[in-house]
Amino acid sequence: MKQLNIYKWILIPLLIAAVFVSCGDDSDAKETDDYATDTSIAVTGNATAITPVSAEIECKANITQGGSASYELGILYSPDAEQLTYFSGSKVKTKDLVGNTYKVTMSSLRPNTTYYYRSYVTTGGLNNYGKVKSFTTQSVASPKTMQADTITAFSAYLHAKREITPKYANEYGFSCYDGFVISDKKDSIEYKGRIITTDYNYSNYNYKLFSDNTYRIIVSGLQPYTTYYYKAFSKINGGYTFGDVKSFATGEFSKPSISTPTNITVTSASMIVLTDNLSDYTVNSIGVKYATDATKLDTYYNSTSSNIITGTQHPVSLNGLTPNTTYYVKPFVNVITGSQTQTVYGETITFKTANFPEPTSVVNEVTHNTATITVNTPQLSSLYKKVGIQYSTKKDNLNNGNIVFNSNYTTETSSSVIVSGLSEQTTYYYRPVYYAISSYYDYQYENIYGEVRTFVTTETPPRLTMTISTAGTYGWTTYDTSSYSNCLKSNNKGVANSTARSILTFTVNQASSLTFGYKVSSESGLDKMTIKIDNNTICNQISGSTGNSSNSVSLAKGDHTITLEYTKNNTGNRYDDCGYIYNIAVNGELLMNSDFK
């Protein structure tokens with residue numbers, strides 16, 4: 001009795017372990033070859049009724065061993081023996097369990113293909129698999145590749161005979177698609193060749209099946225002067241059966257060429273694509289591909305087409321090019337053949353764009369703190385330019401010197417640039433500079449510099465002074481208010497039959513610009529103001545209540561006068577009864593400064 005208790009304590013843990021093992025996700029069936037006597041939950045049977053596209057499998061499901069009333073039965077199959085789990089491979093399910101056997105039919109298979117399969121039974125959350133077996137579907141007769149005909153430079157008629165009769169296909173319930181693989185390389189025709197099949201992308205007029213079970217497909221988009229290798233195939237459920245390899249050579253088509261490029265500028269060039277007379281072909285376009293790297297002519301390239309596709313000469317223009325750059329150019333002709341467009345290329349040529357010409361410059365005027373310089377630049381077609389001057393007091397530091405550009409872009413060939421903020425009596429080294437920018441302002445080219453030259457600033461001129469003298473009893477005196485600063489006004493207000501006259505005297509040491517503002521407030525047509533610059537009358541007997549006005553007068557180097565008059569009659573007074581002149585300045589410098597007398 002004690003001995004039995006010892007066995008009890010040994011057997012109980014073993015039984016518990018067995019229960020835990022049986023509850024795993026997957027389990028493999030016993031590997032036994034005896035289908036009739038195999039008591040595994042899932043037992044794989046042999047394939048029967050094998051055709052080119054189907055097979056039947058009988059399997060066993062010993063479900064009473066699974067201990068569950070709910071179950072799922074079926075077959076897992078694949079051309080890959082490693083893809084036979086519940087979560088991979090193709091699957092055929094059934095609920096038709098008769099006793100402990102069930103049958104499934106595998107359909108839509110490929111002819112002459114080995115398939116691996118095994119049964120599965122899912123019960124109680126456990127996937128049970130039978131052993132892996134295999135079978136090979138029946139083969140079908142290969143098509144007979146026939147000789148091509150009606151061969152042109154871009155197309156050919158391919159012929160073959162289908163050995164699978166419609167009766168045979170109907171008997172086994174599958175559709176057969178015809179086609180060819182074609183390549184200009186015989187050793188890679190099956191793997192890299194172009195597939196032409198009737199089950200997609202080919203219109204009916206390209207394919208024709210004849211009563212003797214032969215068929216024809218028109219292949220287009222071929223290259224001239226090329227030997228092509230091809231073979232027929234029958235396609236069933238994605239599987240191919242191939243015929244023998246045959247070949248043909250396409251006809252002649254003269255390649256296009258390019259004339260020597262002309263009118264080469266910094267950003268453009270012209271050329272002519274030369275062809276034979278193409279009136280016998282349907283031409284889509286004629287033009288060139290171009291790139292700065294010869295290896296990119298077939299990938300990252302630009303292209304442009306001619307507006308003329310008739311005749312033998314087809315002009316093209318290339319624009320938006322990069323200056324001083326070598327370009328590779330390859331001509332092409334696009335010919336429509338059937339439903340496709342075929343491109344024929346000529347030999348690649350090269351040319352180099354021009355570089356931007358250097359600008360020139362002329363110094364127009366130099367003062368103690370400014371220099372006015374004219375910069376001459378080339379005409380750049382549709383490109384805009386920004387023009388400027390680079391300058392420095394040290395020649396060896398000019399590359400790092402300041403650059404002043406005009407604020408606006410221009411297409412003109414001559415621009416005036418003012419350099420300001422200079423030091424007096426100093427030698428400056430300078431050079432003209434410009435850069436071009438595309439008409440869309442989306443690309444800026446590099447700076448182009450001209451010849452290095454010099455200019456010397458002058459000595460700072462003495463401070464401008466102006467004196468005032470009065471001619472007669474009444475004159476003009478200073479008058480400052482919030483409305484008028486640096487102002488003179490006539491002082492004969494309310495005096496009948498009087499004239500206030502003053503003469504302002506000043507000297508300029510260079511050609512200058514005189515500016516001033518003025519206003520009159522008087523009886524209209526009766527009390528009048530006159531302003532003269534030297535001997536020229538600028539404002540002649542103006543009267544009434546006028547608004548503020550301004551004037552600008554060019555002065556030559558030397559002495560100058562401003563004569564101011566305000567004349568009254570004896571009929572009375574109106575408004576301020578005086579004239580005003582204010583903000584008198586030469587080149588922006590006020591003359592009524594602290595030295596004004």
Side-chain angles (χ1 to χ4, degrees), residues 258-273 287-288 290-293 301-304 306-307 315-329 349-366 370-392 395-420 422 428-456:
I258 302 177
S259 66
T260 301
T262 59
N263 300 324
I264 299 175
T265 71
V266 292
T267 59
S268 64
S270 300
M271 60 199 67
I272 297 175
V273 178
V288 296
Y290 59 99
T292 56
D293 183 343
Y301 61 86
N302 294 298
S303 67
T304 186
S306 175
N307 292 326
V316 294
S317 297
L318 310 186
N319 298 295
L321 307 179
T322 302
N324 197 32
T325 301
T326 296
Y327 279 87
Y328 297 85
V329 186
I349 69 162
T350 63
F351 73 92
K352 189 174 184 178
T353 51
N355 201 1
F356 282 117
E358 292 184 358
T360 60
S361 63
V362 176
V363 176
N364 300 113
E365 182 182 4
V366 179
T370 65
T372 303
I373 302 172
T374 297
V375 178
N376 299 308
T377 55
Q379 181 66 48
L380 297 179
S381 183
S382 62
L383 296 182
Y384 294 98
K385 295 169 291 187
K386 191 147 248 196
V387 179
I389 293 291
Q390 185 175 39
Y391 62 98
S392 175
K395 185 176 182 179
D396 57 1
N397 193 47
L398 185 57
N399 288 342
N400 299 318
N402 295 324
I403 299 181
V404 54
F405 282 108
N406 284 347
S407 59
N408 295 324
Y409 291 102
T410 182
T411 57
E412 300 297 325
T413 57
S414 182
S415 302
S416 182
V417 181
I418 298 176
V419 182
S420 58
L422 305 177
Y428 281 89
Y429 297 89
Y430 81 94
R431 57 180 178 175
V433 58
Y434 73 94
Y435 66 81
I437 192 165
S438 72
S439 56
Y440 297 102
Y441 297 92
D442 57 357
Y443 185 81
Q444 178 179 319
Y445 298 97
E446 63 181 10
N447 288 349
I448 304 298
Y449 298 93
E451 180 183 359
V452 176
R453 306 182 73 179
T454 62
F455 64 81
V456 180

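Hydrogens, waters and symmetry mates are skipped; everything else that's a heavy atom, side chains included, is used.
When atom types are taken as modelled, the side chain of N364 and the backbone of T374 share a donor-acceptor pair closer than 3.5 angstrom. A donor-acceptor pair under 3.5 Å is absent between the side-chain atoms of T413 and the main chain of Q379, judged by distance alone. Using modelled atom types, no side-chain atom of T353 and backbone atom of T267 make a donor-acceptor pair closer than 3.5 Å. Side chain of Y327 to backbone of T322: a donor-acceptor contact under 3.5 angstrom is found. Within the 3.5 Å criterion, the main-chain N or O of I437 finds no donor-acceptor partner in the side chain of K385. N406 places a side-chain N or O within donor-acceptor distance of the main-chain N or O of S416, the cut-off being under 3.5 Å.
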Next item on the list: Report the C-alpha separation of N399 and R431 in whole Å, then their side-chain angles, then the decisive distance to 0.1 Å, and conclude whether the side chain to side chain contact (heavy atoms under 4.5 Å, CB included) test is met.
Entry: CA-CA 10 Å; N399 288 342; R431 57 180 178 175; 2.9 Å; yes

Item checked: Step-by-step side chain to side chain contact (heavy atoms under 4.5 Å, CB included) determination, V266 to Y445 -> CA-CA 11 Å; V266 292; Y445 298 97; over 6 Å; no

Next item on the list: Determine, step by step, whether V419 and Y428 satisfy the side chain to side chain contact (heavy atoms under 4.5 Å, CB included) criterion, reporting the C-alpha distance in whole Å, the side-chain angles of both residues, the deciding distance to 0.1 Å, and the verdict.
Entry: CA-CA 11 Å; V419 182; Y428 281 89; over 6 Å; no

Note to self: With side chain to side chain contact (heavy atoms under 4.5 Å, CB included) as the criterion, how do Y434 and V375 come out once you've worked through the C-alpha distance, each side chain's angles and the decisive distance to 0.1 Å?
What the structure shows: CA-CA 9 Å; Y434 73 94; V375 178; 5.8 Å; no

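Applying the side-chain contact (heavy atoms from CB on, under 4.5 Å) test between F351 and each of I264, T262, I258 identifies I264 as the sole match. Just one of Y391, Y429, Y430 meets the ring-ring contact (aromatic ring centres under 6.0 Å, His included) condition when paired with F455; it is Y430.
In this structure, P432 and P359 approach most closely via the heavy-atom pair O-CG, 3.6 Å.
Ring-centre distance between F405 and Y435: below the 6.0 Å cut-off.
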